[in-house]
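Take a look at the structure below.
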4 protein chains.
Amino acid sequence: MTPNNIFNEILSFQSVKLTMKQERIVQAAIQLFAEKGYSNTSTAEIAKVAEASEASIFKKYGSKEKLLLSIIVPSLKEFFPTMADEVIGPISEANSTFEGFLAAFLKNRSEMVIANKEIFQVIVKELIYKEDLKNELTPYIFEAAASRLARVIDLYKERGELIDIPTHKILKSLLTFIGGFFTSHFVLLNNESVAEEVIEDAVRFIMHGIGIKTTSMN
Amino acid sequence: MTPNNIFNEILSFQSVKLTMKQERIVQAAIQLFAEKGYSNTSTAEIAKVAEASEASIFKKYGSKEKLLLSIIVPSLKEFFPTMADEVIGPISEANSTFEGFLAAFLKNRSEMVIANKEIFQVIVKELIYKEDLKNELTPYIFEAAASRLARVIDLYKERGELIDIPTHKILKSLLTFIGGFFTSHFVLLNNESVAEEVIEDAVRFIMHGIGIKTTSMN
Amino acid sequence: MTPNNIFNEILSFQSVKLTMKQERIVQAAIQLFAEKGYSNTSTAEIAKVAEASEASIFKKYGSKEKLLLSIIVPSLKEFFPTMADEVIGPISEANSTFEGFLAAFLKNRSEMVIANKEIFQVIVKELIYKEDLKNELTPYIFEAAASRLARVIDLYKERGELIDIPTHKILKSLLTFIGGFFTSHFVLLNNESVAEEVIEDAVRFIMHGIGIKTTSMN
Amino acid sequence: MTPNNIFNEILSFQSVKLTMKQERIVQAAIQLFAEKGYSNTSTAEIAKVAEASEASIFKKYGSKEKLLLSIIVPSLKEFFPTMADEVIGPISEANSTFEGFLAAFLKNRSEMVIANKEIFQVIVKELIYKEDLKNELTPYIFEAAASRLARVIDLYKERGELIDIPTHKILKSLLTFIGGFFTSHFVLLNNESVAEEVIEDAVRFIMHGIGIKTTSMN
DNA sequence: CATGAATGAGTATTCATTCAT
DNA sequence: CATGAATGAATACTCATTCAT
């Protein structure tokens, strides 16, 4: 079973309409995986919370692991592409500055994550462990998110809004900070929302850091 | 059982000299917990890798959880204080700029983490799950690290090297980025080292961000 | 968890129809507990004798202890009440003497115990240890058995068949002897039956003791 | 290893003077066995209560079972013989009636048991399970206690104080009641003492039962 | 004499999974 | 589609016992 087979098999789950019981199973699994982690959640517990039988889980998903993947994979598939369409689209509205873009981007993605916080937590918590899954998804994520962001960065670099260092360096710092931002807010602190001010602070940090600007600096 | 009881009980483990077998058990546990996570590692597996009996694990540590804590807790107790002494000490060397401080700090802490990478990974991976432990350690960590950093920030703010916004905001951005930095390098990417250049990039990002400086900016 | 909770939870086991495997598990448990005692019987052994899996035991009964209680509690709940209905009922047949009652009582109860000898042995052997269970059951037993017997004693005292000392003293001596009788016959000696003559001897002892009657005695 | 070998081996323990630690081990074992039963007491627990090492237990006693026997066997060896010497001796004082004898006997044995209540409880609780031990001890007990009692019964029968039925029947009823008496008082109820009145009641029951005497009775 | 260290063989219990209905 | 019944394999943990010091 090559990665893509699993991938496609998993994706087939969402194409079919779920029955009520199946829906409850997925919801229970998301909740429990987010709260206690995949390994610390038993199928018996999922069945109990879902008020379904354990057999129903295996009937539909085949294994506990595929149930996990059926939660993670479609979400990622949704998460990153919509990023491209909903967020990186508006860039073309030329009047927008990079600061404006960043603020809109952080706000939009934060709302997205908050709306699906438990799934986000499941993804973060499990990706740490599942070396396989990580390797499988990395190129996909990169294509869907990082490379598009790189293009945006290039665009604004041309406009003279961003410093003239290699794009991959800018991207790396950006992703490091954004990763820390989302993880600390929505996994560690489990926040329900982010204040406007918090986003402003983040944008200012990303744009100007914490040092005093001196005209003489390169 | 108050936090401090557990804390002290755990710390008592390291005060006594470990036998060879006990040492092997701890090493095996660190390795396996780092690799596969606590929940996915069985005591049978630890015993096998350590070439000891499971009974020996429980004789010494009482439970799998206490074995985990006996790895995590003393390391944290060591990690943050030495940070104060070894890193924040040199600050007083007045000629040092904040940039210099940052670079030295990141370099020193990176070396420290690399030297104990597996333990670092165990800590990061498990802290996500253990709400209790997180709550227990947070104030401790804060006192040992965050509050001292805040003082350093204040110092350099007075010297006019840092922007004049509330210290806690500076601290928050700083910790968000540093957290992302360590996690991505040593947990996600499992790096064995950090190039000088990478640290320089990180310092520049922290100090000046990615935007073009304009004299007119606040 | 109040006594009645456990009580009722346990009783719920028998209300549901048992599957064949479950029936075999209970039978195996009764046999082994009676023979070697609860503590000296492992769930592995029960499973083996029952030709079922250990998992099946826990699926149905949750714990070894609840399996024990599911054997003990319903039996007691059955044992004492039927005593009232089947044995103490016939008392009303006015022509019956107390000696007749005693003989019938001992015979009936002996048959009952013989028919459930293993369960009786389990109960006696475990009640010695389980302080909790003992305290829980004592009032129940008292109400179902002792207090009814007391009423019978009162009745025959009124009829002039029994000596005129406080009923509780009569009852105590009676229960001491009857307890010794059942325990020695069915637990210590593990008898399969009691001869008619043995019951006659017991009745005579209870009624007249071993001393020579003298008219002058009080 | 025939019964007598074990027997003698066990008895050899008491001939040698015990060290302080060994004494503590025996005391801890008696206490724990009496409280929770042999099977539910671990050697680790005994060692802890005795403030000794587990190894010390095995050094002296070889096995947990032999530790148990070293408690039970010497006590029995002491219990029954002293019964002969201290209690059945006074019989020869001719003026004593059987009632007097019984009262003195019950009082003396009760005091004896109370003074060694925990050991008595251990013996009763374990004899139920240990078929082997039971069979080993039965003839011994019979010789030391039952047969002597039979002689006393014969004596008083000749004096016309006891009813003229086969001695073994008298003995059986007597032992059934006395067994019930000691077990209920000192194992089930865990009494610390027996009131004078309680013994009087028991004696009266044994001698005259609970029926009204009629001159016409045989 | 006493013990700390070590362990093989259990112990109760849990788990993900299968299958007949 | 849904589930109750059943389980082999594992799981964390305990036990009585041995041995070198």
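Quick note: numbers below take in every heavy atom, side chains included, and nothing from hydrogens, waters or symmetry partners. Each chain gets a letter, A, B and so on, in the order the sequences are listed, and its residues count up from 1.
- One interatomic measurement links the two molecules: NZ of D:K21 to C1' of E:dG4, which rounds to 13 Å at whole-angstrom precision.
- Put simply, A:K59 has no side-chain N or O that comes within less than 4.0 Å of OP1 or OP2 on E:dT18.
- Here OH of B:Y38 is found 8.0 Å from CG of B:L67. Values are rounded to the nearest 0.5 Å.
- When rounded to the nearest whole Å, the span between CZ of C:F58 and P of F:dA10 equals 18 Å.
- If you check every strand for non-hydrogen atoms under 4.0 Å, C:T19 touches sugar and phosphate atoms only.
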Encoded 5' to 3' (Watson-Crick or G-U under 3.5 Å; [ ] crossing; | other strand), DNA chain F becomes .||||||||||||||||||||
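- Under a cutoff of 6.0 Å and an axis angle of 45°, A:K36 and B:Y129 do not form a cation-pi pair.
- One can place CD1 of D:I57 at 9 Å from P of F:dA16, the figure rounded to the nearest angstrom.
- Checked options D:E23, D:R24, D:Q31; the residue passing with D:Q27 is D:E23 (criterion: side-chain contact (heavy atoms from CB on, under 4.5 Å)).
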Run D:Q22 and D:T19 through side chain to side chain contact (heavy atoms under 4.5 Å, CB included) and show every step you take.
CA-CA 5 Å; D:Q22 287 163 354; D:T19 65; 3.3 Å; yes
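- In this structure, the NZ atom of B:K17 is 17 Å from the C1' atom of E:dG4, given to the nearest Å.
- Atom CD of A:Q22 is separated from atom P of F:dT3 by 10 Å (rounded to the nearest Å).
- Using a 4.5 Å heavy-atom cutoff, the side chains of D:L133 and D:E126 are not in contact.
- Per the geometry, CD belonging to A:E54 stands 9 Å off P belonging to E:dC15, to the nearest Å.
- Taking A:K134 as the reference, A:E131 meet the salt bridge (Lys or Arg N to Asp or Glu O under 4.0 Å) condition, with sequence neighbours excluded.
- We find that CD of A:E51 is positioned 10 Å from P of F:dT3, with the value rounded to whole Å.
- Taking the charged nitrogens against the carboxylate oxygens, B:E118 and B:K125 have no contact shorter than 4.0 Å, which rules out a salt bridge.
- Remark: nothing in residues 24-46 of chain B comes within less than 4.0 Å of DNA chain E through any heavy atom.
- Ion pairing between C:E54 and C:K64 fails under the 4.0 Å rule for side-chain N and carboxylate O.
- The side chain of C:K64 lies closest to E:dA12, out of E:dT7, E:dA12, F:dA16.
- Note that CD1 of B:I72 and CZ of B:F120 are 12.0 Å apart. Values are rounded to the nearest 0.5 Å.
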